Every structure is written in structure tokens, then in C-alpha cells.
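Structure, as C-alpha cells:
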Amino acid sequence: MLEELRKAVWEANMELPRRNLVTYTWGNVSGIDREKGLIVIKPSGVEYEDLTPEKLVIVDLENHIVEGDLNPSSDTKTHVELYRAFPTLGGIVHTHSPHAVAWAQAGRDIPCYGTTHADYFYGPVPCARSLTAEEVDEDYERNTGKVIIETFTERHLDPKAVPGVICRNHGPFTWGKDAAQAVYHAVVLEEVAKMALDTITIDPATQPAPQHVQDKHYLRKHGPNAYYGQK
């Protein structure tokens, strides 16, 4: 079932260790077939060197296992909530990449200090709030998704324009039109998190890039009159 999507999600998962985004099994990638309403996701706790397309698990949008002999990722409920809330998402990534985690543990948005950030994220990368004790006890993973959704709703953010978030005390989630683009955004997020950390180390009073610069760089790639790259 979903052989092409399985292969694409497996390839995206295998990109995480190649890009130094995960240590041991600290990460996962999923992809969704919107027509069928089915999600392919990494199984929980399986080492990347042991991962094959056949070991990936298929779940539906009610978090029921449809196919697979292994337990899906412990973060599956978070992925499900995001897919349900944001219909433009085709793939989701979660990692514990160290610089993004550092900002998450500090509970701070990642400011847009320059054009590298502005090319991919329209404004700061938001930091979602910590879950309450009640939310953790009730359903930690599902409520992690709900808190991300709450953050985007309250801040009126477009998940296509801001393809990622950091969760306080936890780490980053990124997404895209498919699993491969979600991994791409995970790589970019880690890079801009490192650049931002280096920037405030040099000058803690640094201010975000001027809005007109941010607008120019984001819109030349993603705006209605985008001209970056080849047709």
C-alpha cells in the first residue's frame, strides 16, 4: 500500500542523519496521501541504519494503524493534528537539532536577523508555549499539535509562509508540500537557528532585519511575482 509514498518518506527519513539533524533515533518524518487520508510515518525507536520502506507504518487521520507491524512514532498524534488543521501540508518533520532546541529551551522565537532566514520563513520562527501539566497528562503528543495550531491561530500565521515552529522545552517541527520539502525546511531551520545564536553572541542588542529587506527576500522566492531560480 502507498509504495511510492513509502519510498519518498523513507528517503526523507534517511536524509535526517545525513544532514546531522538527528542523534540515535531522535527524529521522524511523515508524508500524507490527501486523497486517501493516509499517513506514512517512521516507526518508533527504530535505528536509521535498520530502517526500510517496509518498516514504515501507515495510519489514518483518526490515528488508527492501517498497515504495519511496528508501533508508529511516538509523535504520530502531533503529526495527525497538524495534517488535520493545515490542509496544505504534505510532509512533516520533527527533530532535536541542537541549535533549534536551544531556542526552544530558552522559550524564544528565532528572530529574522538576515536574508538567509527571510528566504524561507516570513518573519520569526515562533516558539509555542509549554504545555500545562493537565495537557501533558491528558494527551501529551496530541496536545503538542494543538498548541502549535493555537500558536499559528493566535498569531495569524500562514503555515505555508512560516513552514516550521519550535515547541518550548522540546524542539522543532517543520513541514512542506511533501516529505522532502519538510526535511529541507528542517535543515534551513537548524541553520538559521545557529546563525541567530551566533549573531546575539556577537551583539545581544542586534535587531531583526528591516521589514523591507525581509519582504524583498521572501517575496522574490515565494510572492506572486517571484523571480528567483529557473522557470
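Fair warning: this is a prediction, and the values are worked out from it, not measured in the lab. In what follows, residues are counted from 1 in the order of the sequence shown.
Glu154 pairs by the salt bridge (Lys or Arg N to Asp or Glu O under 4.0 Å) definition with nothing, not counting sequence neighbours. Residues forming a salt bridge (Lys or Arg N to Asp or Glu O under 4.0 Å) with Glu3 (at least two apart in sequence, or on another chain): none. Considering only residues two or more places apart in sequence or on other chains, Ile200 meets the side chain to side chain contact (heavy atoms under 4.5 Å, CB included) condition with Trp103, Arg108, Tyr113, Leu197. Partners of Glu15 by side chain to side chain contact (heavy atoms under 4.5 Å, CB included), not counting sequence neighbours, listed by chain and number: Arg18, Arg19, Val183. Residues passing the salt bridge (Lys or Arg N to Asp or Glu O under 4.0 Å) test with Arg142, sequence neighbours excluded: Glu81, Asp139. Listed by chain and residue number, Asp33 satisfy the salt bridge (Lys or Arg N to Asp or Glu O under 4.0 Å) test with Lys36 (two or more places apart in sequence, or in another chain). Taking Pro124 as the reference, Asp109 meet the side chain to side chain contact (heavy atoms under 4.5 Å, CB included) condition, with sequence neighbours excluded.
Connectivity analysis of hydrophobic side chains (ILVMFWY, heavy atoms under 4.5 Å, direct or indirect) links Trp26 to Tyr24. Hydrophobic cluster membership for Tyr122: Tyr218, Leu219 (Ile, Leu, Val, Met, Phe, Trp, Tyr linked by side-chain heavy atoms under 4.5 Å, directly or transitively). As a member of the Ile/Leu/Val/Met/Phe/Trp/Tyr network built from side-chain separations under 4.5 Å, Tyr140 groups with Leu131, Val136, Val147.
A continuous path of hydrophobic side-chain contacts links Val22 to Val93 [ILVMFWY only; heavy atoms under 4.5 Å]. Hydrophobic clustering places Ile65 together with Leu61 (ILVMFWY residues linked when any side-chain heavy atoms are closer than 4.5 Å, directly or through intermediates).
Rounding to the nearest 0.5 Å places CE of Met14 at 9.5 Å from OG1 of Thr52. For the atom pair Leu38 CG and Leu5 CG, the distance stands at 9.0 Å (nearest 0.5 Å). Here the CG-NE2 distance, from Asp119 to His217, works out to 6.0 Å after rounding to the nearest 0.5 Å. Interatomic distance, Asn143 CG to Ile148 CD1, rounded to the nearest 0.5 Å: 11.0 Å. Atoms NZ and OG1, from Lys77 and Thr144 in turn, are 11.0 Å apart once rounded to the nearest 0.5 Å.
A donor-acceptor contact shorter than 3.5 Å links the side chain of Glu135 to the backbone of Thr132. Judged purely by atom type and a 3.5 angstrom limit, Thr78 uses its side chain to pair as donor or acceptor with the backbone of Glu141. When atom types are taken as modelled, the side chain of Thr174 and the backbone of His185 share no donor-acceptor pair closer than 3.5 angstrom.
For Gln181 against Lys177, the heavy-atom pair with the smallest separation is OE1-N, 2.7 Å. In plain terms, the two heavy atoms of Ala12 and Ala180 that are nearest each other are CB-N, 4.3 Å. Between Ser73 and Ile41, the shortest heavy-atom distance links the atoms CB-CD1, 3.9 Å. Of all heavy-atom pairs between Ala179 and Ser30, the closest is CB-O, 3.9 Å. Ala85 approaches Ile149 most closely through the heavy-atom pair CB-CD1, 3.4 Å. The two atoms that bring Thr25 and Val46 nearest to each other are CG2-O, 3.5 Å, heavy atoms only.
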| request: Dump the intermediate steps for side chain to side chain contact (heavy atoms under 4.5 Å, CB included) on Val125 and His117, then the final yes or no. | output: CA-CA 9 Å; Val125 177; His117 182 133; 3.8 Å; yes
| His79 vs Asn28, side-chain hydrogen bond (donor to acceptor under 3.5 Å, both in side chains): CA-CA, chis, key distance, verdict | CA-CA 10 Å; His79 289 237; Asn28 48 73; 2.8 Å; yes
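Checked against Thr95 for a side-chain contact (heavy atoms from CB on, under 4.5 Å), the options Thr23, Leu21, Val187 give a single hit: Leu21.
No side-chain heavy atom of Glu54 sits less than 4.5 Å from a side-chain heavy atom of Trp10. Looking only at side-chain heavy atoms (C-beta outward), Val29 and Leu16 come within less than 4.5 Å of each other. In this structure, His64 and Val59 have side chains that are not in contact, with every pair of non-hydrogen atoms separated by 4.5 Å or more. For the pair Asp60/Ile39, no side-chain contact is recorded, criterion being any heavy-atom separation below 4.5 Å from C-beta on. Between Leu56 and Pro43, the closest side-chain pair of non-hydrogen atoms falls below 4.5 Å. Inter-residue side-chain proximity for Pro17 and Glu49 is flagged as unmet; no heavy-atom pair is nearer than 4.5 Å. Residues Leu51 and Asn13 form a side-chain contact, since some pair of their non-hydrogen atoms from C-beta on lies under 4.5 Å apart.
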Let me check something: any side-chain donor-acceptor pairs from residues 188-196 under 3.5 Å, sequence neighbours excluded? List them with distances.
from, atom 1, to, atom 2, distance (Å)
Glu190, OE1, Ser97, OG, 2.8
Glu190, OE1, His99, N, 3.3
Glu190, OE1, Ala100, N, 3.0
Glu190, OE2, His99, N, 3.0
Glu190, OE2, His99, ND1, 2.7
Lys194, NZ, Asp198, OD2, 3.2

Taking distance alone, no hydrogens or angles, what donor-acceptor pairs closer than 3.5 Å link side-chain atoms of residues 156-170 to residues at least two apart or in another chain?
from, atom 1, to, atom 2, distance (Å)
Asp158, OD1, Lys160, N, 2.9
Asn169, OD1, Ser130, OG, 2.5
His170, NE2, His94, NE2, 3.4

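For the residue pair Tyr48 and Lys42, no side-chain donor N or O sits within less than 3.5 Å of a side-chain acceptor on the partner.
Glu150 has no carboxylate O lying under 4.0 Å from a charged side-chain N of Arg155, or vice versa, which leaves the two without a salt bridge. Salt bridge status for Arg6 with Glu67: present, with a side-chain N to carboxylate O gap under 4.0 Å.
In this structure, Glu4 places its CD atom where only 12 or fewer heavy-atom neighbours from other residues, nucleotides or ligands lie under 6.0 Å away. Taking a 6.0 Å sphere around CG of Asp69, one finds it holds 12 or fewer heavy atoms contributed by other residues, nucleotides or ligands.
Separation of the Tyr184 and Trp175 ring centroids does not fall under the 6.0 Å cut-off.
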